[in-house]
2 protein chains.
Amino acid sequence: MPTYLSALVDLAAEEYPHVSSDHLARLVGANPATVRRDLAALDISGTRGLGYDVKYLLHEISVALGLSQDWGVVIVGAGNLGRALANHEGLTQRGFPVRAILDIDPALVGQSVGELSVEHVDDLGAIVADRGVSVGVIATPAQEAQRVADLLESVGIRSILNFTSTALVLDEQVQVRRVDLATELQILSFYQTRTSAARAGTGLPLEGSDGS
Amino acid sequence: MPTYLSALVDLAAEEYPHVSSDHLARLVGANPATVRRDLAALDISGTRGLGYDVKYLLHEISVALGLSQDWGVVIVGAGNLGRALANHEGLTQRGFPVRAILDIDPALVGQSVGELSVEHVDDLGAIVADRGVSVGVIATPAQEAQRVADLLESVGIRSILNFTSTALVLDEQVQVRRVDLATELQILSFYQTRTSAARAGTGLPLEGSDGS
DNA sequence: TAGATTGTTAATCGATTAACAATC
DNA sequence: TAGATTGTTAATCGATTAACAATC
């Protein structure tokens, strides 16, 4: 669904007044029927014979994606990764301003990271309450991840982006996305191993079940 | 598929000689039939009445995941993110040693990043050939991503991990995984927006098509 | 009215899983 | 032999897509 957004931004920039499901489908590499069904699921309707109003579509999808509001972000873990994420300009640009970066290590507290300075994780509750934070990013060592997640949950965070390899166990109300570098690389090497093996004529199957 | 691995490592550590598809399924949160089908797809067979040999399974899955060899990594882009990735210990640990970090900016070339120092992107071909690099990581600004990807493809890289928001167009032989922070956050906010809307009783549908 | 395109039903496809004969 | 568990077929489920009547 987020895929539609950039295509629509382009269309709006080119001042297309309307777009057909067929056109949109080609832009995002999907099937026209799927596009219509997706939009219908968001209660967005078009005009028969004409298509969808681009500006209206853009607005409605932004709302559906929650982009009509800012989502304050707190980053827990001020190591290399945490600091890199805090400096990532793309985030604020796309409606996810980083409001704080925390660590448990007193030696790091007070260090400056871009425009922020590292704060202590003990202040999480107050920070979340005061600064309109609604997303937590976990950039700690894997062993700390569950503890941090519990802490985030306890202060009311309902959206977590987890950069560790730990599979978190949380209330189902809490949405978690995991971004694990090594797993991504393993998936790449898995595909590559399979296709090379297939080319080399060994018995490894090309058609497997999933690839996940 | 990569999911099985850590469960198996644990089992091996506890010296379980055999594991049933049922047991393994519970560990990875899947269905026993799916586990059996997955393993069969990798030409791994078990013993009726007994289950699968844990050590054998671990070995075969490692091979299938390509983990029996190291996959040298080159990082293109020595900004905050590139440097953080280069310092990520987890990578070498899991069989993905970072062999080089490159940038196009002469001011960055020569700077040290952990044990490496930044090299110029013009040397990519030689570096890939000499150091057994098989995975490229793109950590440049989004506008440069396609150019870098073309370059990586041209020097024979077949596995790319793309940290920009650009959708890359490459030969289908080249496996690409995208890790886009803002998109991940958008997905979180999308879910959160939907569920809050549903709780608030507005018309936003809880049952949609995909959520991607 | 003729052409275009939606909204939606029904068909298709693929993936998941239940079930069970084979067999250790 | 009795119990357990695989390997695989057939049933189920869900998601995708073709097709077309409704209608702008």
Side-chain angles (χ1 to χ4, degrees), chain A residues 1-4 7-8 11-12 14 16-61 64 187 190-191 194 203-212, chain B residues 1-4 7-8 11-12 14 16-61 64 187 190-191 194 203-212:
Chain A
M1 189 64 76
T3 334
Y4 291 121
L8 286 169
L11 288 172
E14 293 169 30
Y16 273 79
H18 296 91
V19 62
S20 66
S21 56
D22 195 69
H23 187 181
L24 196 48
R26 258 178 288 116
L27 291 176
V28 304
N31 179 287
T34 307
V35 169
R36 294 199 293 276
R37 208 174 39 63
D38 279 353
L39 296 180
L42 298 174
D43 275 340
I44 299 171
S45 51
T47 308
R48 289 163 203 244
L50 195 60
Y52 297 84
D53 183 285
V54 170
K55 279 187 188 151
Y56 175 67
L57 206 48
L58 192 51
H59 174 258
E60 288 299 309
I61 289 186
I187 291 168
F190 177 56
Y191 280 120
R194 291 170 106 192
L204 260 186
L206 251 180
E207 305 299 320
S209 57
D210 59 7
S212 78
Chain B
M1 190 64 77
T3 334
Y4 291 120
L8 286 169
L11 288 173
E14 293 168 32
Y16 273 78
H18 296 92
V19 62
S20 67
S21 56
D22 195 69
H23 186 181
L24 196 47
R26 258 178 289 115
L27 291 176
V28 302
N31 179 288
T34 307
V35 169
R36 295 199 293 277
R37 208 174 39 62
D38 278 354
L39 297 180
L42 297 174
D43 274 342
I44 298 171
S45 51
T47 308
R48 289 165 204 243
L50 195 60
Y52 297 85
D53 183 284
V54 170
K55 279 189 189 151
Y56 175 68
L57 206 48
L58 192 52
H59 174 259
E60 288 299 308
I61 289 186
I187 292 167
F190 177 54
Y191 281 121
R194 291 169 106 192
L204 260 185
L206 251 180
E207 305 299 321
S209 55
D210 59 7
S212 77

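What's counted below: heavy atoms across the whole structure, side chains too, no hydrogens, waters or symmetry copies. In what follows, chains carry the letters A, B, and so on, assigned in the order in which the sequence lines appear, proteins first and then strands, with residues in each chain numbered from 1.
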J.: So if I take every side-chain heavy atom of S20(B) and compare against dT5(D), dT6(C), dT17(D), which nucleotide ends up nearest?
T.: dT5(D)
J.: Got a sec, which residues hit side-chain hydrogen bond (donor to acceptor under 3.5 Å, both in side chains) with N31(A), two or more places apart in sequence or on another chain?
T.: none
J.: Rounded off to whole Å, could you give me the CG-to-C1' distance for the D53(B) and dT5(D) pair?
T.: 15 Å
J.: So among H18(B), H23(B), R36(B), which one has a side chain to side chain contact (heavy atoms under 4.5 Å, CB included) with Y52(B)?
T.: R36(B)
J.: Measure CG/L50(A) against P/dG7(C) and give the value in whole Å, please.
T.: 11 Å
J.: Expressed in angstrom and rounded to an integer, what is the separation of R36(A) atom CZ from dA4(C) atom P?
T.: 15 Å
J.: Rounded to whole angstrom units, what separation is found between the CG atom of D38(B) and the C1' atom of dT8(D)?
T.: 14 Å
J.: Can a side chain N or O of T47(B) be found less than 4.0 Å away from OP1 or OP2 on dC24(C)?
T.: no
J.: Closest nucleotide of DNA chain D for I44(B) versus for P32(A): which of these residues is on the 5' side?
T.: I44(B)
J.: Looking at T34(A), I'd like to know whether one of its side-chain N or O atoms comes within less than 4.0 Å of OP1 or OP2 on dT16(D).
T.: no
J.: To the nearest Å, how far apart are R37(B) CZ and dT12(D) C1'?
T.: 14 Å
J.: Checking base pairs now: Watson-Crick or wobble, both atom distances under 3.5 Å. What partners dA19(D)?
T.: dT8(C)
J.: Please check the phosphate of dA4(C) (OP1 and OP2 only) for any side-chain N or O of Y52(A) closer than 4.0 Å.
T.: no
J.: I need the NE2-P distance between H18(A) and dT6(C), as an integer number of Å.
T.: 11 Å
J.: Mind calculating the distance between CG (D22(B)) and P (dA18(C)) to the nearest angstrom?
T.: 11 Å
J.: Could you tell me the Watson-Crick or G-U partner of dC24(C), where both distances fall under 3.5 Å? Say none if there is no partner.
T.: dG3(D)
J.: Out of curiosity, F190(A) CZ to I61(B) CD1, how far, rounded to the nearest 0.5 Å?
T.: 9.0 Å
J.: Should the side chain of R48(B) and the base of dA4(D) be counted as holding a donor-acceptor pair, with the cut-off at 3.5 Å?
T.: no
J.: Quick one: N31(B) CG to dA15(C) C1', roughly how many Å, whole number?
T.: 12 Å
J.: Should the heavy atoms of other residues, nucleotides or ligands under 6.0 Å from NE2 of H59(A) be counted, would the total exceed 12?
T.: no
J.: Which heavy-atom pair separates Y4(A) from T34(A) by the least distance, and what is that distance?
T.: OH-O, 4.3 Å
